[in-house]
Amino acid sequence: MTILINDDKKLFTLQTRNTTYQMKVGDFDYLYHLYYGKRVDHQDMSYLLYDGPSHFAPYPYESENRGGSLTLMSQEFPTVGTGDLGSVALDIENADGTHVVNLKYKDYEIFDGKYSLAELPSFFSKGNDAKTLKITLVDVASDVEVELYYGVFEDKDVITRAVRISNLGVGSIQIHKAQSMSLDIVAGQYDLIHFHGRWASERNVERLPITHNVTTLGSDYGVSSAKENPGFIVAGKSTTEMTGDCFGFNLVYSGNFQATAERGTLGQNRVTLGLGDNQFSWRLEPGALFETPEAVMSFSSAGLTQLSHNFHNIIRENLCHSKYVNSPRPVLINNWEATYFDFTGKKLLQIAKSARDIGANMLVMDDGWFGERSDDTSSLGDWFVNEQKLGYTLNQLVQKVNNLGMEFGIWFEPEMVNEKSELYVNHPNWALNFPNQKPLLGRGQLVLDMSKKEVQEYLFERISDVLDSANISYVKWDMNRPITDWYSKDLSSGRQGELQHRYVLGLYKVLGALTRRYPDVLFEGCSSGGARFDLGMLAYEPQIWTSDNSDAINRLDIQYGTSFFYPLSTMGSHVSASPNHQNGRITSFETRANVAMAGTFGYELDVTKMSQAEKQQAKTATDFYKKVQELTFTGDYYRLHHSDDIVSWQIVAKDKSESLVTVVATDVVGNPPFVYIKLRGLDDNSRYLIGEKVYGGDALMNAGLKLPPFKGNYPSTRIYLKKVK
Ligand code: GLA
């Protein structure tokens, strides 16, 4: 049983294969959190609750022994005005101006399958793989009702959470903060592992102790951002890849978010995650309902690798409806780094032809095909084909590409507008900007007000028109600047705080409508590289361009950080030119290809300029990738080694029948030693063929694979293993 209820004790237990999550209705009908961790059977964990004196802490009026202070008790969903002095999950300003939501248990409901959200993307159940528990809490004085939703994916060891807040009163209330989840961990010392970065250097791993000082992570960029990813981990002090306790949290959301981690006064830990509350506020009229984005969490007692596997599995199977999630993806050639804005239809066809010869299946025409765009100063918003520049109609060009045996993909940056555009001239009011202020620019462009119905309709229509005009199989959906000027002409002054969230709802509306209308089109996300690499986008787009930094060596860190939550099937990863355009580094073709293979492989360079020898190498690499794409997308991923001189990873088929190991030397020394890499995830008792030699799975995992010393500039190798029957 996935969800166990003890009605007498008012005890709620969520059981997954390896974890237990438990809550209880306690004193004065408050909902306490008891436990989340390694699976425990048949135990009421309420003995863990604090039952000492409150001392000088505030406690509920009803308490006869002065106990039960909510700032000392572990709570399921801490709220403002109840004496909880930590980070609360919900802050509401009532009609009378007070900030108090005193939620008491009302009832519960269990149903088969997974709840879904009305306007926001969320994980879905397949067959019988999930159940839902809904617990309703109510504050009868404030007339606020809160429904806590739990989606329990038993086999995946994952629990999702979302919250619905209803105004049952007669006056409007203002939500100032509504987090999707809060988790109190009764005791223990933990680290916070988070993924920070910047343009061209996304998702760097930082491990910090959780202290009594509240650590807040988040984004105010309007997108989930390169600065901070919504996924983060709470790990035991000694937790490693292979051992120890860790909790992973992520948010199915693509806009401003925040997460907090803190150690309470008694050494308990609290983690919260949800919408960013900086400038956020939402007016809830009587009878109205507000829905938070969905949070997703998992626990592993077997280290970080297992935690990553839990997220990879559920993201691959229960998040995106695209048919491409489970079908082969094209190897694409993107013309951005080949030509930037300087291309014609003829040039694209030359690139496509050469790319076909190295095994690519799709040409993607990047930025510059529309309006009068020949650099980044104009035309965003004018999604009309520049036939003069191309020398063809879009349909003619696509047909020519199709005739080469290649599919065709196209780039859009739908959420943007340049002042130098017809769209802006006709609809200056569609851009976000503060009244009486000059707008802030980013890459010379403004952001459209995605909360506006007309904008949503315009984009749907324009993009549909382009997609209907030719045989287009792929769309790259880009978004290239942070959002700063949060003011919508459509919203009253009291509702401007809703804009950040309404923007994201508008974006999802358009993306939802387009992906439903074009189920055969592969959508890839992008945001100045990987600035919107999140579960919200992945619900619509099965892959995202991981970073504008295509240098193989920098990519090692970027792809490493990304892998903690996101599977390789989601990471756009291309071979680009050497010297690299972002940092000038020279690397061999082999190393560039080996690194790009840990993702949705493609090319991003002028293939027509490759030497014959390089083309031959490229063809061999593409053919090899096609052979291992399914393994890469469906297998278990292991981060084997990540140090200053060696980076190595491994993919193992779920049935352990084959595996791919990649090793890159980022530094070399004189008189180099052999390199020994301990493999993982193989079958102990099976034998594996590497080249012409056979090794025991146990030997490869316990003693390791021995590799000849590395020499040269950033050398690398890939090793394919096949189980011997
Ligand atoms: C962003 C993207 C790139 C490319 C350019 C085009 O930087 O990340 O891949 O599409 O925009 O302007």
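Whatever order the structure lists ligands and atoms in, that order sets their numbers, starting from 1.
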Check the angle between the aromatic planes of [X] and [Y] and answer parallel, tilted or perpendicular using the 30° and 60° thresholds.
{"X": "Trp336", "Y": "Tyr340", "value": "perpendicular"}
{"X": "Tyr253", "Y": "Tyr508", "value": "perpendicular"}
{"X": "Phe412", "Y": "Trp369", "value": "perpendicular"}

Ion pair check, [X] and [Y], cut-off under 4.0 Å:
{"X": "Asp449", "Y": "Lys452", "result": "no"}
{"X": "Asp478", "Y": "Arg532", "result": "no"}
{"X": "Lys619", "Y": "Asp357", "result": "no"}

### Message
Within ligand 1, which atoms have a heavy atom of Gly529 less than 4.0 Å away?
### Response
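It comes down to these atoms of ligand 1: 8 (O).
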### Message
Need the ligand 1 atom indices (1-based, order shown) with element for anything under 4.0 Å from a heavy-atom of Trp545.
### Response
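So the answer, numbered in order with elements, is 8 (O), 9 (O).
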### Task
Select one of side chain, backbone, both or neither to describe which atoms of Asn334 lie under 4.0 Å from any atom of ligand 1, heavy atoms only.
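The answer is neither.
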### Message
Applying a heavy-atom cut-off of 4.0 Å, say which part of Ser528 lies close to ligand 1: side chain, backbone, both or neither.
### Response
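For Ser528, only backbone atoms sit under 4.0 Å from ligand 1.
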### Message
Under a 3.5 Å threshold, yes or no: a donor from one side chain and an acceptor from the other, between Arg329 and Gln629?
### Response
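Gln629 and Arg329 do not have a side-chain donor-acceptor pair below 3.5 Å.
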### Message
Do Asn554 and Asn583 pair up side chain to side chain, a donor and an acceptor below 3.5 Å, judged on atom types alone?
### Response
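Looking only at side-chain atoms, Asn583 and Asn554 do form a donor-acceptor pair, the distance falling under 3.5 Å.
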#### Entry: Glu604 heavy atom under 4.0 Å from ligand 1
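Heavy atoms of Glu604 never come under 4.0 Å of ligand 1.
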### Query
Would you call Arg443 a ligand 1 contact, heavy-atom distance under 4.0 Å?
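Yes.
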Considering heavy atoms of the protein only, find what lies nearest to [atom] and give residue, atom and distance to 0.1 Å.
{"atom": "atom 12 (O) of ligand 1", "result": "Asp367 OD2, 2.6 Å"}
{"atom": "atom 4 (C) of ligand 1", "result": "Asp366 OD1, 3.4 Å"}
{"atom": "atom 9 (O) of ligand 1", "result": "Lys476 NZ, 2.8 Å"}

With nothing but distance in play, are any N or O atoms of [X] less than 3.5 Å from an N or O of ligand 1?
{"X": "Arg373", "result": "no"}
{"X": "Trp411", "result": "yes"}
{"X": "Cys526", "result": "no"}

### Message
If we ignore hydrogens and angles and just use 3.5 Å, is the side chain of Thr546 paired with the main-chain N or O of Gly572 as donor and acceptor?
### Response
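A pair under 3.5 Å: yes.
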### Nearest-option assignment for atom 8 (O) of ligand 1, heavy atoms, candidates Thr546, Asp478, Asp548
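The nearest heavy atom belongs to Asp548.
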